[in-house]
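Structure, as structure tokens:
Numbers restart at 1 for each chain; the letters A, B, ... are given by sequence-line order, proteins then strands.
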There are 2 protein chains.
Amino acid sequence: MMDATDIKIIEALRENGRMTMKELGKKVHLTGQAASSRVIKLEEEGIIEGYTIRVNERAMGNPVHCFLQIFTNSLHHKPYFSFLETRQEYVRNNYKISGEACYLLECRFPSNEELDQFLIQLNEHVSYKLSIVIRG
Amino acid sequence: MMDATDIKIIEALRENGRMTMKELGKKVHLTGQAASSRVIKLEEEGIIEGYTIRVNERAMGNPVHCFLQIFTNSLHHKPYFSFLETRQEYVRNNYKISGEACYLLECRFPSNEELDQFLIQLNEHVSYKLSIVIRG
DNA sequence: CAAGAACACTTGATTTGTGAAAGGATTATG
DNA sequence: CATAATCCTTTCACAAATCAAGTGTTCTTG
């Protein structure tokens, strides 16, 4: 299904997803066209899900990075999900996990004030344990 | 520094980082060239750190996704870091965090067997609490 | 063993996108 | 009021992507 060249292609595109097919071809010893058709195949197979950018969240004004272990007392998780919907700007990931907590929520905030506001409102629906990222 | 158009550009590129400048320009009501020069500026300012792909980790053969809270008994964290170095293929992120644990370690594994091996060796250096991601 | 389908790649022609230079509109500045 | 700075557009030359054949290799199958 996938061979060594495909792996190299994925590694190359992970580093620079905007590389031209010609460049990519050079890296894996193929013509641009051959590289391109392999990439199209990887996209069709769903291995490459899409192209995106790495954004400096600090420069974007969201320096406060944190993880929250979420503990739901109630049996109904919907209020929590609904709340997250309304705070999409802050939420980066919400993982349903095994272990003590029900969810692991990853967020970004402009400052501790916004974080505090978020926590106050979050606490209306669930309990949490907060971990702030000191260094990524 | 950044205006509404820049925000739109970043949102558009987050969704599709390989979009042509012409397309991008259309989205934000600019010519391709104007869009391009804004993108170059955002790159130079370090707001756009780079371009990459979203890879389907399941299709890539790493369906087991987990987070580990790391507790270091010893005062020396170096053995732990050295260990991580030798297991880069599995490690996605290692966040230094506030809270109960010292680090939050995000990993991917092909199967529970590899995870188990990893945990056995990890345990030679630190204690941990394991959370497996049920749903991203 | 040979025919032929399937596959992956290359080549060449055409379309499309990119980058550089020049020029115009708007806004700030002495 | 003149000047500079900023940001945009237009134009054009060049580079890259795409499309359509065409080639060679491998694998299957009669």
Side-chain angles (χ1 to χ4, degrees), chain A residues 1-63 88-90 108-111 114, chain B residues 1-63 88-89 108-111:
Chain A
M1 199 168 181
M2 275 214 319
D3 63 9
T5 303
D6 288 325
I7 304 273
K8 276 187 196 167
I9 284 174
I10 286 174
E11 280 171 4
L13 289 178
R14 252 201 234 265
E15 275 189 32
N16 179 8
R18 234 189 134 84
M19 180 180 291
T20 66
M21 288 301 116
K22 207 177 180 180
E23 265 181 279
L24 179 60
K26 213 172 194 174
K27 286 213 178 217
V28 300
H29 309 296
L30 288 177
T31 60
Q33 291 81 339
S36 174
S37 66
R38 271 178 183 262
V39 168
I40 289 167
K41 206 176 166 189
L42 289 168
E43 289 170 0
E44 284 171 351
E45 286 169 345
I47 292 168
I48 294 177
E49 293 182 326
Y51 299 86
T52 187
I53 49 175
R54 283 191 297 271
V55 173
N56 185 331
E57 295 263 15
R58 189 165 310 200
M60 283 285 288
N62 291 309
Q88 284 186 44
E89 40 176 336
Y90 303 133
R108 290 273 187 176
F109 299 94
S111 73
E114 277 86 352
Chain B
M1 199 167 179
M2 275 214 318
D3 64 10
T5 302
D6 288 325
I7 304 272
K8 275 188 195 168
I9 284 174
I10 285 173
E11 282 171 2
L13 290 178
R14 252 200 233 264
E15 275 190 31
N16 179 8
R18 234 191 134 82
M19 180 181 289
T20 66
M21 288 302 115
K22 206 177 180 179
E23 268 180 275
L24 179 60
K26 212 172 195 174
K27 286 213 179 221
V28 301
H29 308 296
L30 287 176
T31 60
Q33 289 79 346
S36 173
S37 66
R38 271 177 182 261
V39 168
I40 289 167
K41 206 176 166 190
L42 289 169
E43 289 169 1
E44 285 171 350
E45 286 169 345
I47 291 168
I48 294 177
E49 293 181 325
Y51 299 85
T52 188
I53 49 175
R54 283 190 298 270
V55 173
N56 184 331
E57 295 264 15
R58 189 165 310 200
M60 283 284 288
N62 291 308
Q88 284 186 42
E89 39 176 338
R108 289 273 188 176
F109 298 94
S111 73

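Side-chain nitrogen and oxygen atoms of A/Thr31 include none within less than 4.0 Å of the OP1 or OP2 phosphate oxygen of C/dC9. B/Lys41 has no side-chain polar atom (N or O) that falls below the 4.0 Å cut-off from OP1 or OP2 of D/dT6. Regarding contacts with the backbone of D/dT18, a side-chain N or O of A/Ser36 is found under 4.0 angstrom from either OP1 or OP2. For the OP1/OP2 pair of C/dT18 and a distance below 4.0 Å, the side-chain nitrogens and oxygens of A/Arg18 include at least one atom meeting the criterion.
Between the CE atom of A/Met19 and the C1' atom of D/dA15 there is a distance of 17 Å, rounded to whole Å. At whole-Å resolution of the value, CE in A/Met1 and P in C/dC7 are 14 Å apart. Put simply, CE on B/Met21 is 15 Å from P on D/dT9, counting in whole angstrom units. The CD-C1' distance, from A/Gln33 to C/dG12, rounds to 9 Å in whole Å. Regarding A/Arg38, its CZ atom lies at a distance of 14 Å from the P atom of C/dC7, rounded to whole Å. Counting to the nearest Å, the P atom of C/dA8 and the CD1 atom of A/Ile9 are 12 Å from each other. As a whole-Å value, the separation of B/Leu30 CG from D/dC8 C1' is 8 Å. Distance CD (B/Glu23) to P (D/dA17): 14 Å, rounded to an integer number of Å.
The closest side-chain donor-acceptor pair between A/Glu114 and A/Ser111 falls under 3.5 angstrom.
When the nearest nucleotides of DNA chain C are assigned to B/Ile40 and A/Gly32 by heavy-atom distance, the more 5′-ward of the two goes with A/Gly32.
Between the CD1 atom of B/Ile48 and the CG atom of A/Asn56 there is a distance of 11.0 Å, given to the nearest 0.5 Å. Of the inter-residue distances, the one linking A/Leu30 atom CG with A/Lys8 atom NZ reads 9.5 Å to the nearest 0.5 angstrom.
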